[in-house]
Amino acid sequence: MLPYFKPYAFRAVLAIGLCVPIGSLDAVIAMALKPYTDLVMIEKSVKAAWYIPFAIVLFAIVQGLLNYFAAYLNSWVGEKVTRDLKFNLFKKLLSYDSAYFDRTYSGNIVFQFNNQADAASSGLLAKMKMLISRIFSSVSLICVLIYNSWQLSIIAIIILGCAFLPVARIRERIQKVMSNVVKGSARLVTEYNESFAGNKTISAYNLHNHQESKFLNILNTVTGVRIKLTQKTAWLSPIMHIIVSIGIGISIAYGSYLIVSGKISSGNFVSFLTALIMLYNPVKSMGNNIKDFQMSMLAVEQVLTALNTTSNIKDKPNPINLKSFKDKIQFENVIFEYIPNRSVLKNLNLEINKGETVALVGNSGGGKSTIANLLPRFYDIKSGSIKIDGVDIRDYSLKSLRDNIAIVFQDNFLFSGSIRENIMLGYPNAPEENLQKALEMAYLNEFVSTLKKGIDTEIGERGILLSGGQKQRVAIARAFLKNAPILILDEATSALDNKSEAIVQKAIDNLMIDKTVLVIAHRLSTIKNAIKIAFIENGELIELGNHEELISMENGRYRNLYNMQFKS
């Protein structure tokens with residue numbers, strides 16, 4: 001974590017440094033009680049000790065002020081480090097490949113990249129402050145013990161050592177349980193996210209009882225794990241309390257003997273006993289402190305694990321920049337699998353020339369969308385190659401490769417914000433005339449004109465305030481504004497009604513002008529004019545040709561599928 005504290009090193013060191021006098025000043029009260037007891041309680045001389053109460057108050061004020069400044073600096077540094085850490089974690093999250101998000105729950109991401117970042121920086125700093133002040137408090141109090149009676153000090157230090165013996169084993173006992181607490185908490189966050197995103201499905205299918213039961217099961221699991229954690233740590237404080245009480249008891253007994261025998265004064269003993277109680281008191285609550293400190297350490301480990309995890313999809317050293325698409329796209333003997341040893345694509349070969357529209361058709365699960373996902377390198381293939389202009393796409397930089405590809409998905413993701421902001425993601429610095437042209441070509445201008453705020457209308461999270469057709473047209477306008485030479489249409493109209501589909505199809509036709517298009521469609525009526533139609537089944541290219549060629553093939557797979565859709 002040191003690199004994150006480096007930019008704020010002066011304030012961080014000062015915050016930690018202030019803990020030295022804060023802890024050391026704990027010894028003042030104990031030290032002051034020796035002359036006060038000897039002068040006032042034994043010699044009955046009040047005048048000689050008049051300054052002692054004022055000195056104690058003065059030192060308490062100084063300690064209080066130092067505590068305030070240390071707390072402020074701690075908070076300042078902690079918040080800055082947390083900000084930097086969260087930003088770096090967010091950058092790391094954005095760099096992960098699609099496979100990571102396929103296998104990771106949203107709750108794990110929120111918990112690990114947000115909650116744990118707080119515990120790893122601010123939490124760790126707070127524990128450091130407490131630890132250092134306690135260390136120097138203990139050192140100063142031990143000095144007071146030795147000053148008052150070296151014999152009693154030996155007993156006190158031996159007892160203190162015995163009290164810390166159980167701490168040595170607690171880490172290994174609670175580490176696994178603490179990991180389960182974190183996992184359970186992350187699952188709860190996932191349930192909140194799913195209930196938010198799936199609220200209509202829950203209502204439509206009357207799943208309230210089902211969701212409540214599911215949430216309660218997870219909640220019971222988390223509660224059980226938390227109780228188990230308490231069970232494994234709660235014994236520490238009582239054990240230490242008993243050991244410490246034994247130490248105090250022995251000290252009082254032996255101290256009484258030393259006073260009677262004249263080896264120490266009453267002032268020495270009172271000062272010693274006060275210092276001993278002040279030294280032992282924090283030890284009694286050590287169980288909770290150890291648990292909290294271990295939670296911070298676990299958070300640090302998780303955060304650093306996330307920061308050290310690298311994406312499988314990344315640039316090669318000195319990658320080539322794809323400046324423009326000039327010739328063709330080639331899939332050569334492509335083998336791909338999401339799960340090891342379960343091939344989704346099997347020796348696929350396909351060629352798309354510049355300016356061609358190639359349609360991928362076939363039954364669900366055949367691998368059509370997978371082909372579309374491989375071209376912009378959302379995933380990397382197992383073997384074979386995908387080439388653009390004769391160069392393997394893995395040799396291009398990811399940024400330049402994706403700059404040359406625009407995608408319209410079946411369910412396009414819209415960000416919270418305005419229609420303008422969502423469209424301009426395709427070209428953030430687009431001139432106003434380009435934006436208006438995109439609206440026109442996507443058949444959005446008429447709809448936008450009916451809105452009070454027009455193109456600056458807020459559309460809600462995930463574009464919830466727009467219809468399916470309107471969302472698609474916003475995505476088409478975004479792709480139009482990007483104006484990439486390669487266009488992927490992944491079932492862009494399959495989820496729409498006939499009226500919406502007709503409008504969206506017109507917008508897509510405008511978008512396809514002068515583009516090289518890879519289109520995936522279940523509705524064969526939308527791809528009859530494609531130059532090539534590739535029938536994909538079980539990850540293999542079964543048939544390839546235009547509509548007329550494929551429809552004329554006796555018992556052809558495309559022909560059968562076409563007849564099934566249009567037999568009425």
Side-chain angles (χ1 to χ4, degrees), residues 193-205 357 372 403 405-515 517-529:
N193 289 344
E194 288 187 347
S195 296
F196 173 78
N199 67 89
K200 288 181 181 176
T201 303
I202 292 169
S203 296
Y205 287 87
T357 295
D403 278 345
I405 301 172
I407 307 174
V408 180
F409 299 98
Q410 177 182 358
D411 182 20
N412 287 282
F413 188 91
L414 299 184
F415 294 87
S416 56
S418 66
I419 296 172
R420 179 193 296 274
E421 289 167 343
N422 272 278
I423 293 175
M424 292 192 72
L425 292 172
Y427 181 6
N429 301 314
E432 187 64 25
E433 58 267 26
N434 291 39
L435 179 59
Q436 293 303 321
K437 182 70 173 176
L439 287 172
E440 181 185 337
M441 299 301 280
Y443 290 91
L444 267 174
N445 45 1
E446 185 180 337
F447 162 66
V448 166
S449 67
T450 64
L451 302 172
K452 187 177 179 180
K453 292 186 178 179
I455 195 172
D456 294 307
T457 300
E458 297 285 324
I459 60 174
E461 191 169 348
R462 297 178 66 92
I464 193 69
L465 301 180
L466 300 182
S467 69
Q470 290 160 356
K471 285 182 187 178
Q472 290 301 83
R473 281 181 278 159
V474 169
I476 290 166
R478 180 195 295 170
F480 191 91
L481 199 62
K482 185 176 183 180
N483 197 29
I486 300 169
L487 174 64
I488 297 173
L489 302 170
D490 190 357
E491 303 188 33
T493 62
S494 65
L496 304 177
D497 58 63
N498 290 337
K499 185 178 179 181
S500 297
E501 182 189 359
I503 299 172
V504 171
Q505 189 60 52
K506 287 180 183 178
I508 287 174
D509 291 341
N510 289 337
L511 180 62
M512 291 168 65
I513 296 171
D514 298 326
K515 302 286 195 302
V517 184
L518 182 63
V519 55
I520 300 166
H522 277 303
R523 299 182 185 181
L524 302 185
S525 59
T526 61
I527 49 91
K528 283 166 62 176
N529 296 325

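In this chain, numbering begins with 1 at the start of the sequence shown.
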In terms of heavy-atom contacts, does CD of E433 have more than 12 from other residues, nucleotides or ligands at under 6.0 Å? yes
Among L439, V474, I419, side chain to side chain contact (heavy atoms under 4.5 Å, CB included) partner for F447: I419
To check you understand the geometry: which heavy-atom pair defines the closest contact between A477 and A438, and what is its length? O-CB, 3.7 Å
Just by distance, no angles: are the side chains of Q436 and E440 close enough, under 3.5 Å, to form a donor-acceptor pair? no
I want to check something: taking the side chain as every heavy atom from C-beta on, are N510 and Y443 in contact at a cut-off of under 4.5 Å? yes
Between R478 and N422, is the side-chain contact (heavy atoms from CB on, under 4.5 Å) condition met? List the steps. CA-CA 7 Å; R478 180 195 295 170; N422 272 278; 3.4 Å; yes
Greater than 12 external heavy atoms within 6.0 Å of F196's CZ: no
With a 4.5 Å heavy-atom cut-off, do T457 and K452 have their side chains touching? no
Answer whether the closest heavy-atom distance between the side chains of L425 and K482 falls below 4.5 Å. no
Minimum heavy-atom separation for L435 and R420, please, with both atom names. CD2-NH1, 3.4 Å
Could you tell me which non-hydrogen atom of A372 sits nearest to which non-hydrogen atom of I520, and how far apart they are? CB-CD1, 3.5 Å
Shortest non-hydrogen contact between A475 and V408, atoms and distance: O-CG2, 4.3 Å
With rounding to the nearest 0.5 Å, note down the distance linking CG in L487 to CZ in F480. 11.0 Å
